[in-house]
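Heads up, the thing below is written out as structure tokens.
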Amino acid sequence: MSRRRFRSFAIVSLLATLAVIVWGVFVRASGSGAGCGNHWPLCNGVIVPTSPTTATLIELTHRVTSAFAGFLVLLLVFFARRAFEPGHLVRKLTWAALFLMITEGLIGGGLVLFEMVATNESLARGYWMSAHLINTFFLVAAQTLVVWASDRDARPSLAGRERAAWLTGTALFALLVTGISGAIAALGDTLFPAKSFAEGLAADTAAGAHLFVELRVLHPFVAVGTAIHVLIVASTFARSADHATRVAAQRTGLLILAQVAVGVVNLLLAAPVSLQLVHLLLADFVWMSVVVLTAQSLTSDRQTEALAHQALAHAHPSAAIGDDGGAVDQTGGV
């Protein structure tokens with residue numbers, strides 16, 4: 001398999017994973033998580049249920065599409081072995097994606113087996129959902145990096161790029177925290193729905209409110225703080241000398257602004273299911289964009305240096321490459 005075909009397949013695999021994630025949100029928002037009872041991987045104790053309810057069909061669809069996405073990742077590992085030489089970054093990333101896909105399925109199975117679905121209001125469900133979200137973000141990051149690394153041989157490096165690593169690392173951490181708070185807020189919207197923004201605000205601040213409801217009010221503040229930080233990081237890299245880094249930074253800035261706009265509308269309309277799906281998909285896009293920005297910013301200098309050496313070699317055929325990697329002319333000068 002050629003690298004170009006591998007990259008196309010990797011994109012298809014990533015899109016399939018994103019579709020499964022969005023459908024998973026619909027499963028939670030529609031209260032269909034218990035559509036197959038507390039059985040996993042079987043559905044209501046059988047492989048193919050007879051006379052299924054709507055909730056069963058929704059949950060079963062999620063399981064089937066999840067299995068399909070997992071199969072695509074398995075193929076990704078196989079195709080990577082054919083398209084890339086041993087030790088290439090893509091090979092390692094596909095194995096990471098497969099591992100995370102397996103843990104994703106196990107966590108999903110745990111949610112069902114321990115009945116952390118449907119109308120379960122226990123605090124334990126919040127911990128399970130947080131773990132599920134973190135694993136999902138890491139899975140999406142791995143698959144995104146597979147696509148990113150499939151058309152290059154350079155690897156990210158921390159050497160001399162500590163500031164870039166710190167900036168993008170804090171942005172990724174902030175997005176993780178925001179994602180967790182968003183998952184808790186969405187769970188609160190599902191378990192304790194409000195018909196309007198005013199009704200939701202009153203419920204959030206009422207005495208004796210459930211913890212999920214009390215935490216729901218914090219998400220907008222966490223999200224705004226994260227958006228400001230990500231915008232600052234993006235604006236910093238938007239001035240990079242590397243074109244690919246600039247593009248990644250600009251894309252990140254536009255996506256975070258779109259996410260904030262959708263978040264505001266989602267809040268004002270009391271989180272309708274359709275907007276929840278859009279909000280989550282945009283959150284994945286923002287995460288993917290920052291992941292690419294991180295990888296690109298930690299690679300750009302090495303790529304620029306390699307291109308400079310190539311240009312020097314073409315411009316001065318008499319130049320040789322010294323043992324230290326620098327261009328050395330015939331007189332011994334550097």
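Following chains of ILVMFWY side-chain contacts shorter than 4.5 Å, one can reach Met101 starting from Val146, so the two form part of one hydrophobic cluster. With hydrophobic clusters built from ILVMFWY side chains whose heavy atoms lie under 4.5 angstrom apart, Leu89 shares a cluster with Met1.
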*For the pair Phe79 and Phe9, evaluate ring-ring contact (aromatic ring centres under 6.0 Å, His included) and give the outcome as yes or no after the intermediate values.*
CA-CA 9 Å; Phe79 290 147; Phe9 183 79; 5.2 Å; yes
*Start with the C-alpha gap between Val147 and Thr144, add the side-chain angles, then the distance that decides, and say whether side chain to side chain contact (heavy atoms under 4.5 Å, CB included) holds.*
CA-CA 5 Å; Val147 176; Thr144 300; 5.8 Å; no
*Given the rule in the side chain to side chain contact (heavy atoms under 4.5 Å, CB included) test, do Ile184 and Ser130 qualify, once you have shown the distances and angles that lead to the verdict?*
CA-CA 8 Å; Ile184 298 300; Ser130 299; 4.3 Å; yes
*List the steps and the verdict of side chain to side chain contact (heavy atoms under 4.5 Å, CB included) for Val73 and Thr94.*
CA-CA 7 Å; Val73 172; Thr94 55; over 6 Å; no
*asked:* As a quick check of understanding, evaluate side chain to side chain contact (heavy atoms under 4.5 Å, CB included) for Val291 and Leu145, giving each step before the final call.
replied: CA-CA 8 Å; Val291 166; Leu145 289 174; 3.6 Å; yes
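Distance alone, capped at 3.5 Å, is enough to place a donor-acceptor pair between the Ser66 side chain and the His62 backbone. Between the side chain of Arg91 and the backbone N or O of Val77, no donor-acceptor pair lies under 3.5 Å. Side-chain atoms of Arg63 never come within 3.5 Å of backbone atoms of Cys36 as a donor-acceptor pair (strictly under, hydrogens ignored). At distances below 3.5 Å, not a single donor-acceptor pair connects side-chain atoms of Thr245 with backbone N or O atoms of Ala241. The backbone N or O of Ser297 sits less than 3.5 Å from a side-chain atom of Arg161, completing a donor-acceptor pair. Listed for the Asn120 side chain is a donor-acceptor partner under 3.5 Å among the backbone atoms of Glu115. A donor-acceptor distance shorter than 3.5 angstrom exists from the side chain of Arg239 to the backbone of Ser235, with no hydrogens or angles considered. Here the side chain of Trp287 pairs a donor or acceptor atom with the backbone of Phe137 at under 3.5 angstrom.
Contact annotation: the side chain of Leu123 approaches that of Leu211 to within less than 4.5 Å [non-hydrogen atoms, C-beta and beyond]. Proximity of Leu60 to Pro49: side-chain heavy atoms (C-beta onward) are separated by under 4.5 Å at one or more points. No side-chain heavy atom of Arg246 sits less than 4.5 Å from a side-chain heavy atom of Phe237. Using a 4.5 Å cut-off on side-chain heavy atoms (C-beta onward), Val48 and Cys43 make no contact. When side chains are defined from C-beta on, Asp151 does not count as touching Arg4, because their heavy atoms never get closer than 4.5 Å. Looking at Thr53 and Thr56, their side chains come closer than 4.5 Å, going by heavy atoms from C-beta outward. Contact of the Ile134 side chain with the Phe138 side chain is registered, since non-hydrogen atoms from C-beta on lie closer than 4.5 Å. For the pair Leu281 and Leu277, the minimum side-chain heavy-atom distance is 4.5 Å or more.
For Gln296 and Arg152, the side-chain atoms include at least one donor-acceptor pair closer than 3.5 Å. Between the side chains of Ser240 and Asp242, not a single donor N or O lies within less than 3.5 Å of an accepting N or O. For the 3.5 Å distance criterion, the side chains of Glu59 and Ser32 fail to qualify, holding no donor opposite an acceptor.
Between Glu121 and Arg125, none of the side-chain N atoms (NZ, or NE/NH1/NH2) sits under 4.0 Å from a carboxylate O, so this pair counts as no salt bridge.
The shortest heavy-atom contact between Leu298 and Ala164 is CD2-CB, 4.2 Å. For the residue pair Gly37 and Asn44, the shortest heavy atom distance occurs at N-OD1, 3.2 Å. Ala131 and Ile107 make their closest contact through O-CD1, 4.0 Å (heavy atoms, listed as atom of the first residue, atom of the second, distance).
Using a 30° and 60° split on the angle between ring planes, Phe6 and Phe84 fall in the perpendicular class, above 60°.
Shown here are the salt bridge (Lys or Arg N to Asp or Glu O under 4.0 Å) partners of Arg3, two or more places apart in sequence or in another chain: Glu85, Asp153. In this view, Ala206 satisfies the side-chain contact (heavy atoms from CB on, under 4.5 Å) rule with no residue, not counting sequence neighbours. Annotation: salt bridge (Lys or Arg N to Asp or Glu O under 4.0 Å) contacts of Glu104 (sequence neighbours excluded): none. In this structure Leu280 satisfies the side-chain contact (heavy atoms from CB on, under 4.5 Å) test together with Ile21, Val25, Asp284, sequence neighbours excluded.
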Side-chain polar contacts of residues 170-181 - donor-acceptor pairs under 3.5 angstrom, sequence neighbours left out - could you list them?
{"unit_1": "Thr170", "atom_1": "OG1", "unit_2": "Trp166", "atom_2": "O", "d": "3.0"}
{"unit_1": "Thr170", "atom_1": "OG1", "unit_2": "Leu167", "atom_2": "O", "d": "2.8"}
{"unit_1": "Thr170", "atom_1": "OG1", "unit_2": "His229", "atom_2": "NE2", "d": "2.8"}
{"unit_1": "Thr178", "atom_1": "OG1", "unit_2": "Ala174", "atom_2": "O", "d": "2.8"}
{"unit_1": "Thr178", "atom_1": "OG1", "unit_2": "Thr226", "atom_2": "OG1", "d": "2.6"}
{"unit_1": "Ser181", "atom_1": "OG", "unit_2": "Thr178", "atom_2": "O", "d": "2.8"}
{"unit_1": "Ser181", "atom_1": "OG", "unit_2": "His219", "atom_2": "ND1", "d": "2.8"}

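Heavy-atom neighbours of Trp95 CH2 from other residues, nucleotides or ligands within 6.0 Å: at or below the threshold of 12.
For residues 264-281, the side-chain hydrogen bond (donor to acceptor under 3.5 Å, both in side chains) pairs, not counting sequence neighbours, are Arg28-Gln276, Gln259-His279.
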